[in-house]
Each structure stands twice: as C-alpha cells, then as structure tokens.
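Have a look at the structure below, then the notes.
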Amino acid sequence: MEIENSFHGSSRKSSFRKGSSRIGSFRLSLEGKDETVIELGNIDTEILIFESEEIKQTHTKVTNTLSLRQMKSLTALADTILPSINDFDLSTANNDGAAATFYRVSASMAGTPELLGGVISEKLKHPNTWLMNVTLWLLSTWFGTIILCGMGCLSTKFPFIQAFPDLPPHKRQQILKSWSHSFFRLLRMLFRSVKLLTLLVFFSQVDESEDNCSWKAIGYCGPDPEFKAQLKKHFLVSDEDKDDNAEQTIGPLYKGLVHMNHPRDVTVNALRGVGFPVLVTRRKEKAVASLTLPSLVIQCDAVVVGSGSGGGVVAGILAKAGYKVLVLEKGGYCARNKLSLLEGPTMDQMYQSGGLVATDDMSVFILSGSTVGGGSAINWSASIKTPQHVCKEWCEKHELDLFESEMYREAMDAVCEKMGVQSEIEEEGFNNAVLRKGCQEMGYPVSNIPRNSSADHYCGWCCLGCKDGKKKGTSETWLVDLVKSGNGAILPGCTAMKVLHKKKKGSGEKIARGVVFEFEYKGSKDICVVESKVTIVACGALNTPALLKRSGLKSNNIGRNLHLHPVVMAWGYFPDAPVDSGASEVWPEKWKKSYEGGIMTAMSSVVGEFDKSGYGAVIQTPALHPGMFSVVMPWISGSDIKDRMRKFSRTAHIFALARDQGSGKVHSPSNISYQMGDLDEANLQKGIDKVLRILAAAGAEEIGTHHNKGKTLNVKKASCHEFEKFVKKESSRPIKDLSTPVCSAHQMGSCRMGSDPTQSVVKQTGETWEMEGLYVADTSVFPTALGVNPMITVQSIAYCTAQSVLHVLKRKTSK
C-alpha cells in the first residue's frame, strides 16, 4: 500500500507493511537525502519520517498578499524598530564580531519585513488586522503620513511633505516614539502592534541551519544542546535492539493517534481496529462533504473535544473504565523527536494562532496552547492545589458544595499523584535563584513551587515542549491511560464545528448526541460526524464559548466573566563578570543563563492577600526566549533595544500575577475584550514595587520595568533616596493605558460553573444547564479567577466531572 506524506511542503509517497505489531523501518532517498520511514505500533496511520542527519519540524509556508505600497511602509517601520547601526559603542561589543554584525544588521537585511508580510496576511486573526492594512497603505502616501505623523513629516525642502518611507531614519524614530505616548489610543495600539510583530519575528526567525543572526551576540544558544545530543543517542534505525527506545524518544501516544488526512481506508481500519464502529458514506466523486453528507460517521460512548488538562483527564478516566472514547484535538501532535525547541516554529505549531493572540484593544497579550496535551504540553510545570480561601469562596458565595467536599480533596490528591507532583529542586535556575535570594534578603515569604516534574528537571525550554517526558502533562499521563486501555483514539488536526442534539420525547429538551468536526483532507476541508452517548467539551476558555454558541446554546453567560490573570514584569541585570576590580565572585554563577533551568521553582505571596480579601498578586518567574523577551522590553530607539538585547542572557525577569476581579468577554477565539479592574491595577503596582526591591536585594546592577519610557536605575551607584524615588515612581505608573505590556498565560471563567442557570453555564457536575449529556471540563468553568497556576484545579474539576459522566454512562449502558 502507498500513502502520501506532506514533509517540508512537498508530497511524497512511501510504502509500509500493514498490521505489524513491532517497529520496522527502511530507508528512502528523497531530494538527495536519506530518510527513514518508521512504522510504529499496529495503527496503520502511524508513520513518521526522520532525516538521517537531524530531525526538523515542518515549517508552514505563508503567502504575503500585501501590496508594494504596504510593503514599503512595513519595511520602513521594521527598519525603524531595528535599524542598521554603525556607530555603536565598541566597548559594548568587546571586539566581538557577532556583536558588530548584530548592530549592523537591520530588519530588512535579515528579511524580516517579508516574513512580517506573511504573518499579517495569513496568521494574524486579530479583529483590527484590517486597520493595520489600511494604516500601511496610508503611510505610503503624503496625506496619510501627515494624518498619522503630524508635523514630523514636514520639510523645508521640496516636496515639503514626505511619505513615511521617505523620511530620514531619525524622523521616523521620533514619530514611533511619539506614537508610544500618544493621546490617541489607536496610535498607541499601532505602535504596540508594530513593535510586537517586528521584534518577535526578527528574534525568533531561523535560517536553513536553524540559526539567527542575533543569537550569538545576545548569548543565546538556540535549542537545548542536550536535546540535540538526545536525538543522536536515541535516533531510531532498523536495529532490533533500538525497539525499546521508541517510546522514550517518540513519546507514549503513537499507538493511539489516528491521522484523518491519511487515506480513507487506512483511517477507517485504524478506528475499527480500536473498536469504533465506522460508517463510510458513499458520495459522488466531486460531491462536497457536509453535515447531511459527512465522509464518515464514527460511533463511541464518549467524545471529548480537547486533549489538555481538562479533556485529557476525562478521556483517560472514561477509557480506563472500559468505555470507548474518541478525543478530537484541533492542534497537531508533536512527538518528542519532532520537537524543534525553536521559539518561532514552536509558536506556530503548539500555540493558538501561532502565539499571536491579544485582546481587541491590544491591552493584553495572550498565550494559549493548541496541541495534543493542550496547555499542559507547553506550560511551566507549576502544580499548585486550589487555595483554601478560593475553595471556601466558591463553596459559600457561589453555592458550589463540591469545592469543600471530600470528593474534591481526593481529586486533587489523585491528579497530583498521577503527575508525580513534588517540590524538591536539585539546582535552581537563574531567574528563580534571583527571586529566592531577593526575598530572603528582604524578609519576604518565599516557597518552593510544586511541579509535575522531577527534582533534577533543569530545563528552560519546556514552554516549547518537553524533550524527555519528565514534565508530566496529559500527553504523558491521562492520555497514556486512554491509549493503553485499548479503548480510545486521539484525532489531531480536527476542529469541532458544533455539538449535535436531539429533542427529548415529551418535553422538547435538548440531548447531546455527538459532534461534527472538520479536518484537512487532500487540500480541502472534509467533514465527519461522531455519534456518542455523552459529549465533553474541553477546548479552553477561549474556544469553548464559540463552540457552545455554534451548537445552539443561548445562555447570555456564555463567553462572559472571562478572567486572564494579568501579569506585569520587572527586570534586573546581573553581569557575568565582576563590576568592581576587587570583586572575586559573580552571582548568579557565570555559567547560568536567564533562559535555562526550571522555569518555576520559587514563589512569593508577599502581596497575595491570601489571609484577607483573597484578591492580591503572587510573584513568580517567566520563561522568556529572545522573541518574547524582546516583545516585553521597552523600545526607546533602535540602538537602545539592541543594547538591551545584548544583556539578554544575564537579565532576570520576575513578574506579579493578579487574581483579577476585572473581567472580559470572548466574542470569538480571536476577538476578546477585557477590562482590568482598578483593584487589579493597584495589586499589580504593589507587586512591581516588591519585584524591584527583590531584584535589587538579590544584587542586580541595573533594574527597570517594561513601561514605554524605559527608565532604568544603576543600583550600585544610586543612593538610598534615589532608589526609593525610582521604585516609587516606576511602580505607580498606570498599567491600563497601553504604556506597559500586560501578558496572560491563564484564561478562565468564560462558561462558569454555578448553582443558578441565570448566572452560570454549567452545573457543579459539569453538565450544561441547556443540553443534557453535554459537559464542559476546562478552565472556562471556574466561577472566578483562581489566583494561582490553574493546572491542578482544572484537572481536579475534570476528575470530578468524569465521575458524573461515568454515572450517566453506566445508567445508559444498563438500559
């Protein structure tokens, strides 16, 4: 039999032996390179292609549809953000050729504008993308430039008014700086968008050798060196003694994955092989699949939409109990040996909308997982149980007895045990060591963060996927239960369109009966139907509301009450050489880098308000690789941002995360509105005050925030009065006015749980008020913001929801 595989943008044919239960392999020569096709397990669709020299991720090609006028403006903007600088400080470069090259390379010299054009044309789904396109066109004209740039485009020489691309660099720089502080919010949004896109693309783009022209100069090594060694050590070849290494290298889910874009008979046989009845619809050759004429109808006991910390838990429990479970996942599956650990490609492959999600007014940048394993595949390992004051609030104020029940406590213990949660640390990374030392010096409380990884897990790349499976997300735990049970299958690359329902006899009430989903097949969209006894939606707080609305649910609460755990950061620079000639030691140790080590191991609750209102902020550390680091750092000028990036590898970041009372609404997964509350802003300001003090106490030479003004303080040279004045001024700056980047990695509450159908979307069993047999099991059901990392809480709620679903399935099966 022959199948076609899409690899690096080309269609290739390969043969494989059907029905083998062991791993076999053979070699192909494609485009002059030797490649190995490896058949895995006994599911026919599982074919992975590896290059013999090294494994590379498939890069999605995008088409740039911007006009020449728009591209001229975009290039000018990008070269203003990142210009070519020839008069840089030689002492800063230290006679370093890489540093000299970095300063001299502009965005256009690196090819960034062309990549930006593709991003804006195809990847950017923001509701105001049209405004960006109009602005680029306007800036290419003299009248548009005078509207957007004011007097800055006037000249005493003919033609007196110049279009933005024709202005000299220093004038373009002044204009962008004026936009960042403009009275007009739309201009501040424009500046933020241009800065974000340009810096993110420039510092995360890679060439054919998977390198970036800036990385050596800023002290970044690229993908984890240990990962490259791991691939060489465990690379799969035909030797029989390598069979046992397959799961360790690839990951444990390969036997349970069914790829719908493979030939129809292969897909059908794979599903039937796991025990799913499948009906193949006969259609005319050119007939288009539709809801009334789907390609396949698959039957199961339960269909779960989403494979993250909610869906993965429910799927694993139901399958282990003996029920047939089908998991639909919008994202793809990144096996361990298919990871790139490259920031740009991983954002494309494992994050929602390529990591390019923001609120409608650009006030909050949002990161959300979109891959098999969901957020648990790319999160930062923090595994904190639901705080007692939150359980009490949800029980008393929201009348949800579940959260102070023995069942919920048992659920938290069960999910922690499943993920191997522990709090020990063998070696602390750069950022967390700074946070811990600063807190100890200041007398602030600091504690170890429980993690779903081992004590020796010293890896700063887990936000780009876990290279060795030591981080126990759902793809290493609950979904493994599903695969090993022989009762389930995972379908990556499948997007749920709507939940199907029927009317209950006599009452007219709706009963869920399955899901319609779409996927890419032979270059076009195809549609299949899943018929199930129960349906569990676990798409995450950004996607679940839209699916429920498309499925006919009418509650006004759907999409509302969105909480984002807004985050603001401050930074401190720790040189890797003694500043004073008399100093003998460097701390943190010279070999430590800001992007290495466990991402989260230390936390302070100094402004947490846990014993009072419960609404404060926790202080933790982020994972920032060059692209995301550059996005949050202030931009004052092209030379200034390059100077800041040169300090990248020794710049520690610490953030304050607020348990927000402000809320927003999910209009669609790409259209999100949010209003930060005044109390939330005040709590974040208190957090920044403490963070600056922590950084200084830990020994930072220089400190600062991410505010647009870009003020810094040399702590070693400042007096106590100057230090206090700086901290007071920087921590009191407004946050809600687009002057400071605000980020979110936790979204929750958009389909909240409650005891009143007029105020909530689901009951405490997880079942929706409007449709029987339809359950929601993700962070969207949180009654309020949580205040800490949500993985344990969502898994515990999903665990309890699974018990409710089991009860229903037992009742339906016994009929």
Side-chain angles (χ1 to χ4, degrees), residues 256 300-329 372-376 383 385-386 400-403 405-419 452 472-490 499 512 514-515 530 532-540 544 751 753 761-768 771-782 790-814:
C300 61
D301 292 314
V303 58
V304 181
V305 184
S307 61
S309 287
V313 172
V314 176
I317 291 173
L318 299 185
K320 198 171 182 180
Y323 295 100
K324 293 296 179 183
V325 182
L326 199 66
V327 179
L328 305 179
E329 171 55 54
V372 172
S376 73
S383 304
K385 288 185 175 182
T386 314
L400 297 168
D401 297 336
L402 169 68
F403 294 102
S405 67
E406 185 63 30
M407 179 184 182
Y408 190 72
R409 286 188 286 272
E410 290 175 358
M412 287 195 289
D413 291 339
V415 299
C416 286
E417 182 180 356
K418 172 66 72 174
M419 293 192 293
N452 61 337
K472 300 300 180 183
T474 59
S475 58
E476 301 286 343
T477 51
W478 301 100
L479 291 176
V480 176
D481 288 350
L482 174 131
V483 173
K484 289 185 175 180
S485 72
N487 292 318
I490 305 162
V499 176
V515 170
V530 181
S532 62
K533 296 173 183 174
V534 292
T535 300
I536 299 95
V537 173
C539 313
T544 290
C751 294
M753 182 181 289
V761 179
V762 302
K763 311 168 189 176
Q764 69 176 354
T765 60
E767 188 176 34
T768 60
M771 192 179 291
E772 183 181 320
L774 174 59
Y775 293 79
V776 179
D778 56 31
T779 55
S780 70
V781 304
F782 287 15
M791 180 163 59
I792 295 298
T793 299
V794 66
Q795 290 203 16
S796 301
I797 293 174
Y799 186 96
C800 296
T801 298
Q803 309 311 312
S804 301
V805 175
L806 280 175
H807 180 73
V808 171
L809 285 173
K810 287 175 184 176
R811 189 179 72 241
K812 290 190 175 186
T813 304
S814 63

Backbone N/O of Met419 and side chain of Thr477: donor-acceptor pair under 3.5 Å: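 No: the side chain of Thr477 does not pair with the backbone of Met419.
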Check: Gly373 main-chain N/O paired with Ser307 side-chain donor or acceptor under 3.5 Å: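 Indeed, once roles are kept as given, a pair shorter than 3.5 Å links the two residues.
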Check whether any side-chain heavy atom of [X] lies under 4.5 Å from a side-chain heavy atom of [Y], and answer yes or no.
| X | Y | result |
| --- | --- | --- |
| Trp478 | Val314 | no |
| Ile317 | Gln803 | yes |
| Val415 | Ile792 | yes |

Qualifying residues under side-chain contact (heavy atoms from CB on, under 4.5 Å), relative to Glu417, sequence neighbours excluded: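 Partners of Glu417 by the side-chain contact (heavy atoms from CB on, under 4.5 Å) criterion come out as none, since no residue qualifies.
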Audit row: Tyr775, Val762, side-chain contact (heavy atoms from CB on, under 4.5 Å) steps and yes/no: CA-CA 8 Å; Tyr775 293 79; Val762 302; over 6 Å; no
Verdict with reasoning, Lys533 to Tyr323, per side-chain contact (heavy atoms from CB on, under 4.5 Å): CA-CA 10 Å; Lys533 296 173 183 174; Tyr323 295 100; 6.0 Å; no
Lys320, NZ: over 12 other non-hydrogen atoms inside 6.0 angstrom: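 Not buried by this count: 12 neighbours or fewer within 6.0 Å.
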Minimum-distance pair of heavy atoms, taken over all atoms of Cys800 and Leu402: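 Closest heavy-atom pair between Cys800 and Leu402: SG-CD1, 3.8 Å.
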Worked check of side-chain contact (heavy atoms from CB on, under 4.5 Å) between Leu809 and Leu318: CA-CA 9 Å; Leu809 285 173; Leu318 299 185; 4.3 Å; yes
Given Lys763, Gln764, Met771, the one that forms side chain to side chain contact (heavy atoms under 4.5 Å, CB included) with Glu767: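 One option only clears the test, and that one is Lys763.
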Derivation and outcome, side-chain contact (heavy atoms from CB on, under 4.5 Å), residues Leu326 and Ser532: CA-CA 9 Å; Leu326 199 66; Ser532 62; over 6 Å; no
